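Here's the structure we're looking at; comments come further down.
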Number of protein chains: 2
Amino acid sequence: MKNEDEPKDKRLKPGDAQKLTMAEVAKYVGVSAMTVSRAFRQDASVSEETRKRIMEAVDALGYVLDLSAGSLSSRRSGFIAALVPSINNSNFSDTARGMTDALQNTGLQLLLGYTDYSAEKEEELIEAMLRRRPEGIILTGGSHTARARRMLAKAGIPVVETWELPEDPINQVVGFSNSEAMALLVRTLASQGYRKFGYIGGTTARDTRGSQRRSGFQKTVEELGLGPGRMISFGVPPITMEQGGQAIVSLLERWPDTEVVLCVSDLSAFGAIMECTRRGMKVPRDIAIAGFGDYEISSICHPRITTINVDCYGIGRQAAARLLDALHAGGSTGDEITLTSYKVVLRESTERAGVPTA
Amino acid sequence: MKNEDEPKDKRLKPGDAQKLTMAEVAKYVGVSAMTVSRAFRQDASVSEETRKRIMEAVDALGYVLDLSAGSLSSRRSGFIAALVPSINNSNFSDTARGMTDALQNTGLQLLLGYTDYSAEKEEELIEAMLRRRPEGIILTGGSHTARARRMLAKAGIPVVETWELPEDPINQVVGFSNSEAMALLVRTLASQGYRKFGYIGGTTARDTRGSQRRSGFQKTVEELGLGPGRMISFGVPPITMEQGGQAIVSLLERWPDTEVVLCVSDLSAFGAIMECTRRGMKVPRDIAIAGFGDYEISSICHPRITTINVDCYGIGRQAAARLLDALHAGGSTGDEITLTSYKVVLRESTERAGVPTA
DNA sequence: CGACAGGATGATATCGATAACAATTTCAGG
DNA sequence: CCTGAAATTGTTATCGATATCATCCTGTCG
């Protein structure tokens with residue numbers, strides 16, 4: 001549009017206008033547009049010789065395929081939509097990378113959005129995404145607004161929920177039980193002799209994975225007869241390191257004899273450890289601290305942090321793979337649940353004097 | 001498509017098939033499709049009453065606008081493409097967030113891709129993006145393949161390069177001089193009395209920002225008459241914390257009397273500090289260490305890390321804003337350079353005994 | 001009271017590719 | 001040399017919305 005109003009001195013040759021279309025490439029080569037279209041896909045039957053000539057012309061003219069036109073007539077957008085709570089959290093960006101990698105060479109492109117841990121924002125994004133007619137959609141977690149669920153149902157595309165095991169799955173699930181993972185960590189530490197457990201996590205239910213970890217903690221501590229856990233909450237997600245530092249201070253003020261503190265994430269665990277160090281306390285000598293998520297930092301910092309390793313990348317990769325399965329099967333796959341692995345990683349931050357971790 | 005082959009027991013009422021189109025909404029309301037189309041945009045002239053009826057119908061039927069059809073006829077895709085080296089690096093994810101935020105309520109959607117610090121991958125991605133006919137494109141850095149430049153030129157859309165000041169800008173630029181920022185850090189530390197400077201950075205030229213920081217370091221150390229800097233290189237990007245730990249070990253083996261080490265990023269600085277701590281060295285007493293990027297970790301860890309604060313979020317936000325300007329101006333804007341701010345943040349990791357930082 | 005500005009709505013062509021089917025060519029085997 | 005199946009290419013209609021221009025309606029002002 002621009003260069004029709006005012007023919008500027010762009011360094012483009014006359015014929016170079018960007019309105020280049022498949023038909024023009026076809027005319028240039030002396031074939032029909034349909035043949036050019038076929039040449040762009042490997043499966044279509046076009047003679048090698050013709051394809052070569054077409055591709056040369058494409059190169060010479062600088063033609064770029066227009067997928068928006070293509071997807072209209074083929075009724076395939078080539079998009080997979082994915083919504084994550086935050087892209088700044090390396091756990092989720094690992095998941096996003098897993099999805100991107102799994103879609104490599106499938107002709108599908110990832111359309112990524114951030115919900116900021118908000119179901120309302122998620123609803124908006126789902127609508128925005130559906131307007132692009134994605135062929136499948138990947139969500140984080142299982143809590144969605146009613147309208148979001150309605151839109152997804154109507155869209156008639158495969159849905160994969162990740163990072164949790166929703167009670168009422170929409171379709172497919174790729175994730176693990178956050179509460180059981182946290183329970184495992186509690187039991188592991190209890191078996192090492194810890195008795196007085198503290199917990200640091202977010203306040204709201206917005207971070208559903210956080211809430212699940214919290215309840216897994218609480219339930220297990222009680223089951224083990226260790227009394228009610230000592231819980232400190234900080235603000236809303238996203239979780240920051242700083243909040244961990246503030247929280248450990250309140251926790252120790254209130255319950256100075258706490259032996260071990262579990263944190264909703266490694267980031268808050270790290271903040272807590274650094275704050276302790278700053279105040280002259282030694283971790284784990286004076287207090288043991290563990291995290292969740294096995295972020296890079298936890299294996300590097302001093303002391304190294306005990307945590308739950310989650311297969312973030314695998315979650316993304318498998319979610320995309322399940323979606324691809326569903327697409328190939330023409331949507332006739334059952335609504336399966338794919339469990340992803342997690343494991344306790346014991347490190348320095350919870351080592352007991354005389355009780356080696358290895 | 002699925003439910004035409006096999007009418008399954010989906011809990012959808014008969015009329016609920018997903019092939020709902022604007023024309024059907026129109027028929028339902030008793031208006032023309034054109035009026036429905038107008039109702040979806042705020043500026044169009046549709047009577048309030050009609051719009052209300054249409055929106056009710058949209059709600060009742062569960063219609064979702066189809067942008068792929070819309071963008072074909074309006075010749076506006078509603079996409080802005082953005083390429084970043086890595087999404088797992090919080091500096092870049094902050095930039096991505098800045099872009100997303102700036103596009104809020106503009107009707108434009110971000111199409112994000114990762115180049116993995118590779119110009120070849122960038123070229124592929126640029127082509128993939130251009131097939132979606134984005135209205136503008138944001139790139140990281142200024143080094144692109146010749147074909148990438150050609151494609152961008154032909155596309156005739158505004159381009160913004162970020163995070164650097166390319167020598168030969170394509171169009172607009174939003175960034176800062178990495179070498180000058182590093183030079184500033186060197187001078188600041190030199191003015192505090194440091195004389196024996198070491199540097200830790202990546203090996204390859206793939207991370208162009210890293211190379212620029214390195215050359216800024218080297219040049220400034222020499223200018224100050226402090227001899228050639230002591231440089232240690234580790235592997236290819238992305239930068240990991242672990243590499244920082246390994247690098248500081250080699251550096252101190254080779255030049256044990258080094259007083260201060262500058263790192264290409266806070267992540268490697270953190271790794272280096274933790275490794276020192278682990279080996280019984282105290283930072284900054286035994287050696288001072290500084291980073292680059294002011295990641296969250298640097299203000300939390302112990303000791304807190306001296307670094308260069310970069311306006312990552314602002315880079316994204318402004319890049320998107322410049323693109324919007326260009327789109328509103330119909331592409332007639334000059335090719336400006338927008339400088340973003342950076343500043344030295346002095347913290348514990350470079351404090352000299354008796355020389356307070358504040 | 002008539003005419004006309006301007007708001008609201010409709011009809012039609014079109015965006016650029018691809019699906020579906022038709023036509024043509026090629027070539028093996030009888 | 002002929003026949004028919006397979007390979008290759010072409011023709012036409014279409015995907016679902018929007019640009020554009022035409023039409024209709026309302027109300028106001030001279």
Side-chain angles (χ1 to χ4, degrees), chain A residues 1 4-5 17-54 57-58 61 63-79 107 130-135 155, chain B residues 1 4-5 17-55 57-58 61-79 107 130-135 155:
Chain A
M1 311 177 176
E4 285 171 0
D5 306 1
Q18 44 267 51
K19 48 181 113 182
L20 200 54
T21 146
M22 209 172 242
E24 313 190 40
V25 176
K27 192 161 59 179
Y28 183 91
V29 181
V31 296
S32 74
M34 195 61 229
T35 303
V36 177
S37 172
R38 287 187 182 110
F40 269 98
R41 301 180 279 184
Q42 72 275 56
D43 64 304
S45 60
V46 180
S47 75
E48 255 337 293
E49 201 263 330
T50 311
R51 163 172 286 131
K52 197 168 130 269
R53 272 170 48 223
I54 289 175
V58 164
L61 297 172
Y63 171 73
V64 176
L65 196 58
D66 186 334
L67 290 181
S68 53
S71 54
L72 182 59
S73 59
S74 69
R75 304 159 125 317
R76 300 198 41 210
S77 67
F79 280 127
L130 290 180
R131 290 181 170 191
R132 300 284 182 185
R133 296 293 186 267
E135 301 181 33
Chain B
M1 310 173 178
E4 286 171 357
D5 306 2
Q18 44 268 48
K19 49 180 110 183
L20 200 54
T21 147
M22 208 171 240
E24 311 190 41
V25 176
K27 192 160 60 180
Y28 183 91
V29 181
V31 296
S32 74
M34 196 60 231
T35 304
V36 176
S37 172
R38 287 188 181 108
F40 268 98
R41 299 180 279 183
Q42 72 275 55
D43 63 304
S45 60
V46 181
S47 75
E48 253 339 291
E49 202 262 330
T50 310
R51 163 172 287 132
K52 197 169 131 267
R53 273 170 47 224
I54 290 175
M55 284 315 172
V58 165
L61 298 172
Y63 171 72
V64 177
L65 195 59
D66 187 334
L67 291 181
S68 52
S71 55
L72 181 59
S73 58
S74 68
R75 305 160 127 313
R76 299 198 41 212
S77 67
F79 279 126
L130 290 180
R131 289 180 169 191
R132 300 286 182 185
R133 297 291 187 266
E135 302 181 32

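Protein chains get the first letters and strands the later ones, always in sequence-line order, with residue 1 at the start of each. These numbers come from a predicted model, not from an experiment.
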Between the protein and nucleotides 6-8 of chain C, which nitrogen or oxygen pairs are less than 3.5 angstrom apart?
none

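- In this structure, the nucleotide among D/dG10, C/dA17, D/dA17 sitting nearest to the side chain of B/Asp66 is D/dA17.
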>> At under 4.0 Å between heavy atoms, how does the protein contact nucleotides 19-27 of chain D? Give one character per nucleotide, 5' to 3', with B, S or -.
In response: BBB------

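- Residues passing the side-chain contact (heavy atoms from CB on, under 4.5 Å) test with A/Glu48, sequence neighbours excluded: A/Arg51.
- The two residues A/Ala23 and A/Ala33 have their closest heavy-atom pair at CA-CB, 4.3 Å.
- The separation between A/Lys27 atom NZ and D/dT11 atom P is 14 Å, rounded to whole Å.
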Mind listing the side-chain donor-acceptor pairs of residues 62-72 of chain B below 3.5 Å, one per line with the distance, residues two or more places apart or on another chain?
unit_1	atom_1	unit_2	atom_2	d
B/Asp66	OD1	B/Ser68	N	2.9
B/Asp66	OD1	B/Ser68	OG	2.6
B/Asp66	OD1	B/Ala69	N	3.2
B/Ser71	OG	B/Leu67	O	2.9
B/Ser71	OG	B/Ser68	O	3.3

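- B/Glu24 places its CD atom 13 Å from the C1' atom of D/dA17, with the value rounded to the nearest Å.
- Residues satisfying the side-chain contact (heavy atoms from CB on, under 4.5 Å) criterion with A/Ser73, sequence neighbours excluded, are absent altogether.
- Where A/Ala33 and B/Phe40 meet DNA chain D, the nucleotide closest to each residue was compared, and A/Ala33 sits on the side nearer the 5' end.
- Put simply, A/Ser71 has no side-chain N or O that comes within less than 4.0 Å of OP1 or OP2 on D/dC15.
- Whole-Å rounding puts the B/Arg132 CZ to C/dA17 C1' distance at 13 Å.
- A/Val36 comes within 4.0 angstrom of nothing in the nucleic acid, heavy atoms only.
- Following rounding to the nearest Å, A/Leu20 (CG) and C/dA17 (C1') show an atom-to-atom distance of 14 Å.
- B/Ile54 and B/Val31 make their closest contact through CD1-CG2, 4.2 Å (heavy atoms, listed as atom of the first residue, atom of the second, distance).
- Comparing B/Arg53 and A/Gly70 along DNA chain C, the residue whose closest nucleotide (by nearest heavy atom) sits nearer the 5' end is B/Arg53.
- Here the CZ atom belonging to B/Arg76 is positioned 15.5 Å from the CZ atom belonging to B/Arg133, to the nearest 0.5 angstrom.
- Between the P atom of C/dA13 and the CG atom of B/Leu72 lies a distance of 17 Å, rounded to the nearest Å.
- Partners of B/Ser37 under the side chain to side chain donor-acceptor pair (under 3.5 Å) rule, at least two apart in sequence or in another chain, do not exist in this structure.
- Between its two ends, the helix from C/dC1-D/dG30 to C/dG30-D/dC1 turns its axis by 40°, counting five pairs per end and rounding to 10 degrees.
- Put simply, B/Thr35 has a side-chain N or O that comes within less than 4.0 Å of OP1 or OP2 on C/dG10.
- Between A/Met22 atom CE and D/dT14 atom P there is a gap of 21 Å when expressed in whole angstrom units.
- The shortest distance between the side-chain N/O atoms of A/Arg75 and the OP1/OP2 oxygens of D/dG16 is below 4.0 Å.
- Across all their heavy atoms, A/Ala57 and A/Val29 have their closest contact at CB-CG2, 3.4 Å.
- In this structure, B/Arg132 is positioned above the aromatic face of A/Phe79, its NZ or CZ under 6.0 Å from the six-membered ring centre and within 45° of the axis.
- For A/Glu49 and D/dT8, the CD to P distance is 12 Å, given to the nearest whole Å.
- The side chain to side chain donor-acceptor pair (under 3.5 Å) analysis of residues 21-32 of chain A, with sequence neighbours excluded, yields the pairs A/Ser32-A/Thr35.
- Residues that satisfy the salt bridge (Lys or Arg N to Asp or Glu O under 4.0 Å) test with A/Arg53, not counting sequence neighbours, are A/Glu49.
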